[in-house]
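Worksheet for the structure shown next.
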Amino acid sequence: MMATPNPQAQEVITCDLCVKPTQQFCNSCQVSLCVDCVNKHVDKLKYQQHDIVHFKDRKIQLVFPECEFHSSQRCEVHCQQCDVPVCLKCIVGPHNGHKVKDMPEIFNEKKKELEKETKEIESTIIPQYKKKNEETESKLSIIMAEFGELDKEKEKHRKFWHQEVDTIFNKLGSLMKSIKENLLAALNSHQSKIKNQIPDMTQTVQQNKEILKSNNVSAVTNYKSKLQEYRNMPTDIDVKLPSLKTNTVQGRELSLELEDYKASLTQTTLSSLTDEVSYLSLQKLLKQPKSITTIPTGVNPLLHVACVGVDEAWVSGKDKTITRVDIHGSVRDTVTTTCEEWPNDITVTRQGELVYSDVHNRTVNIVRHGRTETLITTPQGWHPGQLCCTKYGDILVSMLTTDYSQRKIVRYQGHTEKQEIDRDEDGEPIYKGGKYTLFVVENNNGDICASDNNADTVVVVNKSGRVRFRYDGTPAKRKKSFNPRHIVTDSMSQIIVADINNACLHILDQNGQFLRCVDNCGLDKPRGLSVDSEGRLWVGLYQSGEVKVIQYMK
């Protein structure tokens, strides 16, 4: 009979130092060796004892670590006091008198812990994760399906809304046509009356001239005058041309009105939170804000900071240059402004374009593709101060008179002035006149928040310009008087204002309720203030020219 191969033949065990089959074994080091590698192993660890035996005579035992301080010594016990493995020489030396524990005992204890941990991970935690993964996968599928249906619903309503808009403008067209036809009919009738009298009057003139040439007494005495009839010219028709009144506030309201016909489309935010989807909407304030990094800008003194995206910002000081730096302090770009001295403020549009105000030339300028264009020229006697580019594309400009006696905030849509905020319901000035700047920002809920440094107060008005509340810093209980400067808002509609006297930031909710102060990040004379797209605060320090990047939300 022929021998059949054994399918369960043993796998060849190779040397731990090379790929040759093993023949020897070091019981001391628990290493498999071929004949050629025995000497290599012994020479490499020549200060240690080696019990080299044939592989079949090997003894499986623990391999104790080599002592770091005593060569050729192994650590067979563990110092409980110092929590380190030690050898015999260590015990009679630096660890003399310390409580020790046998290494095999520790090994067995740790092995039991490892077995227990491995069992829990394998039998309990991994199944839990798999189950949770399946649940999440199911949720993802449901969300994808639901949003697919939602998108179909949206497109259906898109068509309906377009039809409604077409209906509105068709009605408007019909009304305009009707008004036009009525006006034309009235004017045509009026013209006919006038036009028809001209031949009659011409004939009368000819007849009168014939009579004047005649000596016939009867022709003259029988003449009937038509002068009074001709003098009574038909009364002119008062033509009132209709005007189409429109109001366009991007993202909020579209309306038009023609005589008694009015149509409008409005958009309102039901939630007090931003209508943008942001992971920050679920965040809360950290118990202890932390400074992530400090950026040297080289701008000293530093006046203004305007974030661009995640890790860059424009900064400016008391010269004509505006510099863009990244979070590592590298200069990415520079712009030389048209200002006589320096820009009074800088901001960034939602498209990432730099905007700055020039107080002496009374202009607000935008930088596009490296070239400066004038967006706004303020009225004579008024100068632009601080700026805010809103999420709807408007620009809020705080203004001051040449003599500093009055201040106001004006909303511009492109070049056009759309709103002016300067008086309350009683006709009193909302903002105090004086030499200090009026900082301005629009909140996600439509409120216009201003830091009135002349009154040492934060003033918040609603979108109509009616005062909602004022904040004077008292709830923060700071040692020095409240001195508000730069002001920003975040995705939660929280209001953050820099207090230069107290070297801190005040955080308020959208209703003016004081939440906390950020006073632990070394904010010496905070002037510039901006929020990046990850919700971190970039705070400019006036004297040092540095920018602190601060995480204050979870």
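Other residues, nucleotides and ligands place more than 12 heavy atoms under 6.0 Å from the CZ atom of F469. For K154, the NZ atom is densely surrounded, since the number of other residues' heavy atoms within 6.0 Å is greater than 12.
Here T457 pairs with nothing under the side-chain hydrogen bond (donor to acceptor under 3.5 Å, both in side chains) rule; sequence neighbours left out. Considering only residues two or more places apart in sequence or on other chains, H506 meets the ring-ring contact (aromatic ring centres under 6.0 Å, His included) condition with Y471, F482. Residues passing the side-chain hydrogen bond (donor to acceptor under 3.5 Å, both in side chains) test with T136: none are found, sequence neighbours excluded. By the salt bridge (charged side-chain N to carboxylate O under 4.0 Å, His left out) test, D403 is found to be paired with no residue, residues two or more places apart in sequence or in another chain being considered. Listed by chain and number, the residues in a salt bridge (charged side-chain N to carboxylate O under 4.0 Å, His left out) with E153 are K156 (sequence neighbours excluded). Under the side-chain hydrogen bond (donor to acceptor under 3.5 Å, both in side chains) criterion, K479 pairs with no residue at all, not counting sequence neighbours. Remark: D319 pairs with T321 by the side chain to side chain contact (heavy atoms under 4.5 Å, CB included) rule, at least two apart or across chains. Residues passing the salt bridge (charged side-chain N to carboxylate O under 4.0 Å, His left out) test with E134: none are found, sequence neighbours excluded.
Donor-acceptor pairing under 3.5 Å is lacking for the side chains of R478 and N501. If you check the side chains of T372 and N365, you find no donor sitting under 3.5 Å from an acceptor. Between the side chains of D490 and Q494, at least one donor-acceptor pair of N or O atoms lies under 3.5 Å. Side chains of N445 and D447: a donor on one and an acceptor on the other come within 3.5 Å. Using a 3.5 Å distance cut-off with no hydrogens or angles, the side chains of D358 and N344 do not pair a donor with an acceptor. Side chains of H383 and T402: a donor-acceptor N/O pair is present below 3.5 angstrom, by distance only.
The side-chain tip of K548 does not point at the ring of W538 from less than 6.0 angstrom away and within 45° of straight on.
Salt bridge status for K432 with D452: absent, with no side-chain N to carboxylate O gap under 4.0 Å. A salt bridge does not link E417 with R411: none of the charged nitrogens is closer than 4.0 Å to a carboxylate oxygen. Looking at R423 and E428, no side-chain N of the basic residue comes within less than 4.0 Å of a carboxylate O on the acidic one, giving no salt bridge. Salt-bridge check for R466 with D424: failed, with every basic side-chain N at 4.0 Å or more from each acidic carboxylate O. A salt bridge does not link K116 to E113: none of the charged side-chain nitrogens sits closer than 4.0 Å to a carboxylate oxygen.
Pairing each heavy atom of R407 with each of N454, the nearest pair is NE-ND2, 3.4 Å. Shortest non-hydrogen contact noted between T378 and W382 is OG1-O, 2.7 Å. Taking both residues in full, the closest heavy atoms of Y404 and K435 are given as CD2-CA, 4.0 Å, listed atom of the first, atom of the second, then distance. Heavy-atom minimum distance, N444 versus S493: CB-OG, 3.4 Å. Considering all non-hydrogen atoms of both residues, V397 and P384 come closest at CG1-CB, 3.8 Å. Across every non-hydrogen atom of I496 and L529, the tightest pair is O-CD2, 3.7 Å.
Sorted by first and then second residue, the side chain to side chain donor-acceptor pair (under 3.5 Å) pairs with a member in residues 161-176 form an empty list; sequence neighbours excluded. For the ring pair (Phe, Tyr, Trp, His ring centres under 6.0 Å) condition, the pairs that include at least one residue of residues 410-446, sequence neighbours left out, are F439-H486. Under the side chain to side chain donor-acceptor pair (under 3.5 Å) criterion, the residue pairs touching residues 305-317 are E312-R324, with sequence neighbours excluded.
Put simply, the residue from I346, V308, T349 that forms a side-chain contact (heavy atoms from CB on, under 4.5 Å) with L354 is I346. In summary, of the residues considered (I507, L508, T474), a side-chain contact (heavy atoms from CB on, under 4.5 Å) with F514 occurs for L508 alone.
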Donor-acceptor pairs are to be reported for all side-chain atoms of residues 330-343 against protein atoms at under 3.5 Å, with residues two or more places apart or in another chain.
unit_1: T337; atom_1: OG1; unit_2: K320; atom_2: O; d: 2.8
unit_1: T337; atom_1: OG1; unit_2: C339; atom_2: N; d: 3.4
unit_1: T338; atom_1: OG1; unit_2: Y356; atom_2: OH; d: 3.1

